[in-house]
*Asks:* 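A single structure is presented below for examination.
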Amino acid sequence: MNVVGCSSTGSSCVALHKKSPWDGKFISYVDSSWNNLRALRSSDCMGRILKNGGFSYTKSSPRTGPMQVLCMDYPRPELENTVNFLEAAKLSSSFRDCIRPTKPLEVVIAGAGLAGLSTAKYLADAGHKPILLEARDVLGGKIAAWKDKDGDWYETGLHIFFGAYPNIQNLFGELGINDRLQWKEHSMIFAMPSKPGEFSRFDFPEVLPAPFNGVWAILKNNEMLTWSEKLKFAIGLLPAMIGGQSYVEAQDSLSVTEWMKRQGVPDRVNDEVFIAMSKALNFINPDELSMQCILIALNRFLQEKHGSKMAFLDGNPPERLCMPIVDHIRSLGGQVQLNSRVQKIELNSDRTVKQFVLNNGSVITGDAYVFAAPVDILKLLLPEEWKEIPCFQKLNKLVGVPVINVHLWFDRKLKNTYDHLLFSRSPILSVYADMSVTCKEYYDPNRSMLELVFAPAEDWILRSDSDIIDATMKELAKLFPDEIAADQSKAKILKYHVVKTPRSVYKTVPNCEPCRPLQRSPIEGFYLSGDYTKQKYLASMEGAVLSGKLCAQAIVQDYDTLISRTLRGPSAEMFVT
């Protein structure tokens, strides 16, 4: 359930004045170190510019006055020659280059999040006819967004596109929308709870290859970890570096906290780094999160030069990302239907799928069926006849984690921020960004809109919106001590939206990995797609897209079986245990 709230310091909500970021507020220049055209906002870019490794950034402290925002988009990094990008591109091309089917399969897909959209897109590329059903009136699933009465967008989550997302990056290229990603400088920026209003940075120099750029970023940061702590952390990570993927997978049985104790990593590494990472990756704390999740992220970020480089989408996800996929699907003969909620999976006598029954009573039939909705919904709709099958029994271990996304529109432009994702390091806030700076569609030269991920949210998901906003403002007063006060005596909230997702991505606790199902289910003709299914990027947008590709691949590989099944009808041999 999504809960939306609206608040104002006056008698009604205040619409914010919007202007294009290209209406004269930006000037262009050529930076010789990048040899590429950039856009720099001329109206409020001040502060000290520091040079480091051939790139520029701003930095300030309370002693030198309020921080001034440097607002620029960086060139798209060179991703095309990386091993993972080429692997993803090869899988994409396999759909376009495969033999065209003499009789295209009609594949019914429940769920138009990234997993369902990806499944449908690549099936259409292979010459088949997907019928994509979405329960709600908006595309995107976990990246859905809505427009309020003032024309402002609010989203399900704060979504970041990493260089280490090869299937996502391929998808943007295939759709011809690479220009919709706004790349930021190669840094990770953490708030300093012990120093309200100050931040600490990990800056990855462009001149160094991986993993040396990441090592340099860690070694250069002396504000969060001492040299002794960094050395013990590095020693603790040695087994992962030497043991590779097999070692990483073996750590699924340990929480982050347990692994750190076993490896002799100081507690302060947890306090300074891993709490923020855990909440950003899975919305939970290190004492719950499987260490495998952290090691997979570190492996991608440290082994790929641009792996940890981040980009924001230039606008709302349903229009700027999902609709191009829908247009592509429809251009190849596929269908996409909103307001089509699956109410029941109806079976044949042999326990294979006969049809999907929708909430309006209509039925949808096909040659194959895909369930691309979240795992919690699958468990609710799972037919009784399937519940004893081991593959489906294991799903009980996979439970969506609660998360809350908060949007706050202020009556002024906040200065103590960056044009970037920020790790708040708050007990109840995960990451946040000033979207009026980072995103072109949300740009506003006069007022800030902070989008914040409220996590862990388990104790807050049933609380009122006003309680959540009050708690958020108390934390923001620590991040913006000169600009925000909990009682709004400084910056005032013009309006807010709170979006609650009681069951988001699956909770990556220890020993979950063996419970994740393959995309090809034990039921002939029935497939699964979603970031909870088996793929190497865990619970993420990249994982969702890759799961869709793997699901489409399984269906293409099963073409002969599925066609013969359609011709012969259900039989007692089609149920697999």
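Computed from heavy atoms alone, side chains included, the values below leave out hydrogens, waters and symmetry copies.
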*Asks:* Take a 6.0 Å sphere around CZ of Arg320 and say whether it holds more than 12 heavy atoms from other residues, nucleotides or ligands.
*Replies:*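 Yes, CZ of Arg320 has more than 12 neighbouring heavy atoms, counting only those of other groups under 6.0 Å.
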*Asks:* In plain terms, say whether Glu272 and Arg425 are close enough for a salt bridge, that is, a side-chain N and a carboxylate O under 4.0 Å apart.
*Replies:*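 A salt bridge is present here (some side-chain N lies under 4.0 Å from a carboxylate O).
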*Asks:* So among Asp150, Asp152, Leu450, Asp444, which one has a side-chain contact (heavy atoms from CB on, under 4.5 Å) with Trp409?
*Replies:*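 Passing option: Asp152.
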*Asks:* Are Ser308 and His186 close enough that some pair of their side-chain heavy atoms sits under 4.5 Å apart?
*Replies:*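 SC-SC contact between Ser308 and His186 confirmed.
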*Asks:* How are the rings of Tyr154 and His497 set relative to one another: parallel (under 30°), tilted (30 to 60°) or perpendicular (over 60°)?
*Replies:*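 Aromatic pair Tyr154/His497 classed parallel.
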*Asks:* Does Leu452 reach the side chain of Glu475, with side-chain heavy atoms less than 4.5 Å apart?
*Replies:*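 SC-SC contact between Leu452 and Glu475 ruled out.
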*Asks:* Counting only heavy atoms not in Asn339, do more than 12 fall under 6.0 Å of its CG?
*Replies:*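 Counting other residues, nucleotides and ligands, CG of Asn339 exceeds 12 neighbours.
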*Asks:* Sub-3.5 Å donor-acceptor pair from the side chain of Ser504 to the main-chain atoms of Thr501, do we have one?
*Replies:*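 The answer is no, because no donor-acceptor pair under 3.5 Å joins these two groups.
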*Asks:* Answer yes when Glu288 and Lys507 have at least one side-chain N-carboxylate O distance shorter than 4.0 Å, and no when they do not.
*Replies:*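 Salt bridge between Glu288 and Lys507, a charged N being under 4.0 Å from a carboxylate O: yes.
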*Asks:* Regarding Arg300 and Glu542, does a basic nitrogen lie under 4.0 Å from an acidic carboxylate oxygen?
*Replies:*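 Looking at Arg300 and Glu542, the cut-off is not met.
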*Asks:* In terms of heavy-atom contacts, does CD of Gln337 have more than 12 from other residues, nucleotides or ligands at under 6.0 Å?
*Replies:*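 Yes, enclosed.
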*Asks:* Taking atom CD of Glu458 as the centre, report whether more than 12 heavy atoms of other residues, nucleotides or ligands fall under 6.0 Å from it.
*Replies:*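 No - once you tally the heavy atoms of other residues, nucleotides and ligands closer than 6.0 Å, there are 12 at most.
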